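Labels below follow one simple rule: chain letters A, B, ... track the order of the sequence lines, proteins then strands, and each chain is numbered from 1. Computed from a predicted model, the values in this text were never measured in an experiment.
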Amino acid sequence: MVQIRLTNTRTRRKEVFEPLDCNDVRLYLCGPTVYDRAHLGNARPVLVFDVLVRLLRHVYGEDSVTYVRNFTDVDDKINARAAATGRTIREITDETIAWYHADMDALGALRPDHEPRATEYIPQMIAMIGDLIARGNAYEAEGHVLFDVRSFPDYGRLSGRSVDDMIAGARVEVAPFKRDPMDFVLWKPSGADQPGWDSPWGRGRPGWHIECSAMSEALLGPSFDIHGGGIDLQFPHHENEIAQSCCAHPEATFANVWLHNEMLQVEGKKMSKSLGNFFTVRDLLDRGVPGEVIRFVMLSTHYRKPMDWTEVKMKEAKAVLRRWWDIVGNAEPSKPSPHVILALADDLNTSSAIAALHQLYDEVRQWQPPQVEGRTGISSEEIQTWIDARSEFLASANFLGLLTEALSDWVKPTTWGDDIERLVTSICSKWLKLRRARNYEQADLLKSQMRAAHIELVAEKGDQTNFKYLNPYKKELADDILQKLQSIKESWEIAS
RNA sequence: GGCGGGUUGGCGGAGAGGUUACGCAGCGGAUUGCAAAUCCGUGAAGACCGGUUCGAUUCCGGUACCCGCCUCCA
């Protein structure tokens with residue numbers, strides 16, 4: 001069995017992964033607060049976990065992995081959005097969840113096995129809070145329930161901080177009813193205009209952290225294997241989750257392995273609205289950046305390193321993927337290469353896995369019939385070698401969620417409508433005639449006119465002509481292109 | 001102030017105490033009317049200062065710079 005090693009934030013070491021139960025490997029990823037479109041940074045942990053889940057399923061079996069990712073659908077940001085727009089909270093959260101699904105699907109991310117919504121687990125949260133009070137780890141004060149951090153000696157261990165240090169450097173004003181400045185809210189009272197649920201402490205709503213403790217317990221049990229999210233969640237969110245869950249279940253371990261991905265930057269700077277470099281996944285998709293390209297760029301940097309999103313990377317990724325798609329043809333995937341699997345098993349080294357794909361690509365090229373034909377006769381063994389190499393390459397790429405049918409739209413020929421295509425075809429044959437007649441001056445003139453119509457004419461071997469659209473995604477150019485083609489056709493007196 | 005991450009060739013980006021990462025770009029060549037695409041070949045590195053070692057870009061210490069978190073954030 002392939003040995004998987006993961007860097008555990010809890011121990012700060014790369015460790016061999018040993019599941020609690022080989023037949024049910026359990027993971028929890030902190031999901032989005034659903035009040036707006038997911039920004040690009042939100043996609044990073046999703047893709048990291050996507051690769052992790054694929055790897056775990058490969059190693060432990062398709063049905064031996066349970067992947068949970070929550071939706072936080074009770075939050076003051078959502079309340080604010082509802083108040084600002086006059087829409088109901090449920091409308092906003094339903095809509096945002098649908099967006100989230102669409103956007104993550106576009107990146108080829110598999111859906112988790114469970115996607116619990118916080119609002120569906122309020123009773124479990126109330127029960128856990130009650131339990132924490134009974135155990136002396138939480139207390140009620142002025143309608144709030146607070147977690148008593150001094151009651152949990154390990155508080156701060158995950159993030160390597162001491163409660164005293166944090167208090168010394170704290171920049172927040174402290175609510176007067178807190179016993180300790182670091183105590184955090186488990187339950188808070190709701191006004192009439194805020195969403196609320198009845199509880200032993202009055203009508204209110206949960207604090208942010210308790211939902212993950214309650215939902216992971218409900219769906220994965222008090223002890224499970226892997227818990228993840230962005231490194232910014234390490235403190236306070238994950239620290240607080242640990243405090244809640246470990247105090248509610250002292251006999252359990254909660255999450256054994258903590259995985260945290262580093263942050264995303266844009267052109268070397270933090271993505272922020274004030275810098276004007278803030279954008280969502282949908283913004284990129286709408287700009288015509290294929291989801292597969294976003295995925296490739298994300299996976300080309302190891303998850304524990306800061307990742308810089310740049311235009312250059314995007315272009316390079318696009319060029320690479322195009323080349324890869326070109327040699328795939330009608331290949332059937334076989335088994336992924338061990339090189340790819342081993343790279344991923346080593347702390348999800350996606351960058352190294354992509355390097356392995358480049359090598360597999362080279363092997364396919366090496367045996368591709370036109371190449372082979374050039375040297376000597378082709379033996380059937382050589383053909384078979386080529387077919388096998390291609391199948392392995394495809395399966396390996398598929399393992400990373402690349403070169404899949406689902407993400408292939410952008411490499412398929414764009415259809416601009418019959419009118420345009422008929423015109424292009426007839427102009428192509430005119431160009432071919434000019435070239436056959438060695439009338440290159442005229443041929444180049446036609447070519448440059450076509451370029452102005454957003455179409456590049458390309459000469460190919462064997463007296464062929466091909467063409468490609470220069471702006472395949474800008475459908476709004478269709479009218480312009482049609483018009484230009486018609487005038488080209490007329491001026492060159494091309495018969496229909 | 002506290003905690004954490006980073007610094008690799010022109011750019012991006014990995015691994016490994018001693019042997020080619022890899023990709024893009026560049027350069028040389030093949031092919032081509034031109035061009036594109038493709039193919040073959042190729043140079044180029046590890047912030048700085050010390051230490052450990054037969055040997056460090058890789059381990060240890062320090063310096064500088066960059067970034068993030070400590071408040072909602074993936």
Side-chain angles (χ1 to χ4, degrees), chain A residues 9 12 29-33 35-36 38-49 69 72 75-77 80 156 158-173 182 208 228-239 260-265 268-273 296-297 299-308 310 312-320 322-323 326-327 343 346-347 349-359 361-362 365-366 368 370-371 374 434-441 443-444 447-448 451 456-461 466-468:
Chain A
T9 317
R12 282 148 218 279
L29 175 65
C30 286
T33 301
Y35 68 103
D36 205 352
H39 67 248
L40 190 59
N42 288 307
R44 174 113 109 137
V46 173
L47 291 174
V48 169
F49 260 64
R69 183 180 65 208
T72 300
D75 181 275
D76 287 347
K77 284 194 288 279
L158 176 72
S159 51
R161 302 152 199 248
S162 80
V163 174
D164 293 324
D165 286 349
M166 286 187 282
I167 291 166
R171 292 191 238 140
V172 231
E173 57 181 298
M182 295 313 295
W208 172 36
I231 188 72
D232 55 336
L233 290 184
Q234 187 185 28
F235 186 89
H237 184 56
H238 290 159
E239 198 73 70
H260 290 106
N261 60 276
E262 257 294 343
M263 299 289 100
L264 177 126
Q265 300 184 346
K269 294 194 172 126
K270 180 182 165 137
M271 183 163 80
S272 74
K273 285 178 181 164
F296 186 100
V297 172
L299 296 185
S300 63
T301 299
H302 185 92
Y303 76 94
R304 293 202 310 113
K305 289 210 167 175
M307 131 120 225
D308 196 12
T310 64
V312 171
K313 280 186 185 173
M314 232 165 56
K315 283 197 188 113
E316 284 186 17
K318 207 168 181 175
V320 168
R322 254 191 221 289
R323 230 177 304 136
D326 274 349
I327 61 157
D346 182 12
D347 200 23
N349 196 333
T350 49
S351 173
S352 181
I354 286 174
L357 287 180
H358 282 297
Q359 283 187 335
Y361 168 85
D362 284 345
R365 281 238 84 107
Q366 199 183 350
Q368 206 162 20
Q371 297 295 119
L434 290 169
R435 283 170 46 235
R436 276 181 184 154
R438 307 201 170 266
N439 190 347
Y440 295 123
E441 205 175 313
D444 288 351
K447 186 175 171 177
S448 66
R451 210 176 273 145
E456 179 79 27
L457 294 173
V458 181
E460 293 201 336
K461 281 209 174 94
N466 207 339
F467 63 91
K468 61 182 179 190

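- When each of B/A74, B/G4, B/C39 is scored by its nearest atom to the side-chain atoms of A/Arg12, the top-ranked nucleotide is B/G4.
- Taking atom P on both nucleotides, B/G55 is separated from B/G51 by 11 Å, rounded to a whole Å.
- Atom NZ of A/Lys447 is separated from atom CG of A/Leu434 by 13.0 Å, given to the nearest 0.5 angstrom.
- Closest approach to the A/Gln265 side chain among B/C67, B/C70, B/A74 is made by B/C67 (side chain taken as heavy atoms from C-beta onward).
- Taking for each of A/Ser300 and A/Glu316 the nucleotide of RNA chain B with the nearest heavy atom, the 5'-most of the two is the partner of A/Ser300.
- Dashed line: the shortest gap from a side-chain N or O of A/Arg323 to OP1 or OP2 of B/C24 is under 4.0 Å.
- Within 4.0 Å of A/Val458, counting heavy atoms only, lies at least one base atom of the nucleic acid.
- In this structure, B/C34 forms no base pair with any nucleotide, since neither Watson-Crick nor G-U wobble geometry is met with both distances under 3.5 Å.
- Spacing between B/C48 and B/A64 at atom P, rounded to whole Å, works out to 16 Å.
- A/Lys77 contributes no side-chain N or O that, together with a main-chain N or O of A/Asp36, makes up a donor-acceptor pair within less than 3.5 Å.
- Closest contact between the side chain of A/Thr33 and the listed nucleotides B/G33, B/A35, B/A74 involves B/A74.
- The side chain of A/Tyr361 has B/C39 as its nearest neighbour among B/C39, B/A35, B/A74.
- When Watson-Crick and G-U wobble pairs are counted only if both distances are under 3.5 Å, B/U42 pairs with B/G26.
- Base pairing annotation: B/G61 forms a Watson-Crick or G-U wobble pair with B/C49, both donor-acceptor distances under 3.5 Å.
- Expressed to the nearest 0.5 Å, how far CG of A/Leu158 lies from CD of A/Gln234 amounts to 5.0 Å.
- For A/Met263, counting side-chain heavy atoms from C-beta on, the closest listed nucleotide (B/G68, B/G12, B/A35) is B/G68.
- The side chain of A/Lys447 lies closest to B/C34 when the candidates are B/C34, B/G33, B/G15.
- Using atom C1' as the reference point in both B/C65 and B/C27, the two lie 33 Å apart (nearest Å).
- Closest approach of A/Ser159 to A/Glu239, counting heavy atoms only: OG-OE1, 2.5 Å.
- Across all strands shown, B/G18 pairs with B/C54; the Watson-Crick or G-U wobble distances both stay below 3.5 Å.
- Distance noted for atom C1' between B/A14 and B/U57: 13 Å (whole Å).
- Across B/A21 and B/U53, the matching C1' atoms stand 25 Å from one another, rounded to whole Å.
- Comparing B/C34, B/C73, B/A14 by their nearest atom to the side chain of A/His39 picks out B/C73.
- Within the shown strands, B/C70 is the pairing partner of B/G1 under the Watson-Crick or G-U definition, both distances less than 3.5 Å.
- Taking atom C1' on both B/A16 and B/C67, the two are 26 Å apart, rounded to the nearest angstrom.
- Distance from the side chain of A/Ser351 is smallest to B/A21 among B/C22, B/A35, B/A21.
- Counting to the nearest Å, the P atom of B/C73 and the CG atom of A/Leu40 are 19 Å from each other.
- Nearest-nucleotide positions on RNA chain B place A/Ala356 closer to the 5' end than the other of A/Arg451 and A/Ala356.
- Listed pair A/Lys315 / B/G12 fails the phosphate criterion, with no side-chain N or O lying under 4.0 Å from OP1 or OP2.
- Between A/His237 and A/Trp208, the ring-plane angle classifies as parallel under the 30° and 60° cut-offs.
- At B/U38, none of the side-chain N or O atoms of A/Arg365 fall inside 4.0 Å of OP1 or OP2 (strictly under the cut-off).
- The P atoms of B/G46 and B/A37 are separated by 32 Å, rounded to the nearest whole Å.
- Within the model, atoms OG1 of A/Thr301 and CG of A/Asn261 stand 12.0 Å from one another, a figure rounded to the nearest 0.5 Å.
- Nucleotides B/U8 and B/U58, compared at atom C1', are 11 Å apart to the nearest Å.
- With a glycosidic angle more than 90° from 0, B/G13 adopts the anti conformation.
- Considering all non-hydrogen atoms of both residues, A/Tyr303 and A/Arg44 come closest at CA-NH1, 3.6 Å.
- Closest contact between the side chain of A/Asp444 and the listed nucleotides B/U38, B/C72, B/C34 involves B/C34.
- Residue A/Lys305 has its side chain nearest to B/G6 when only B/G6, B/A74, B/C22 are considered.
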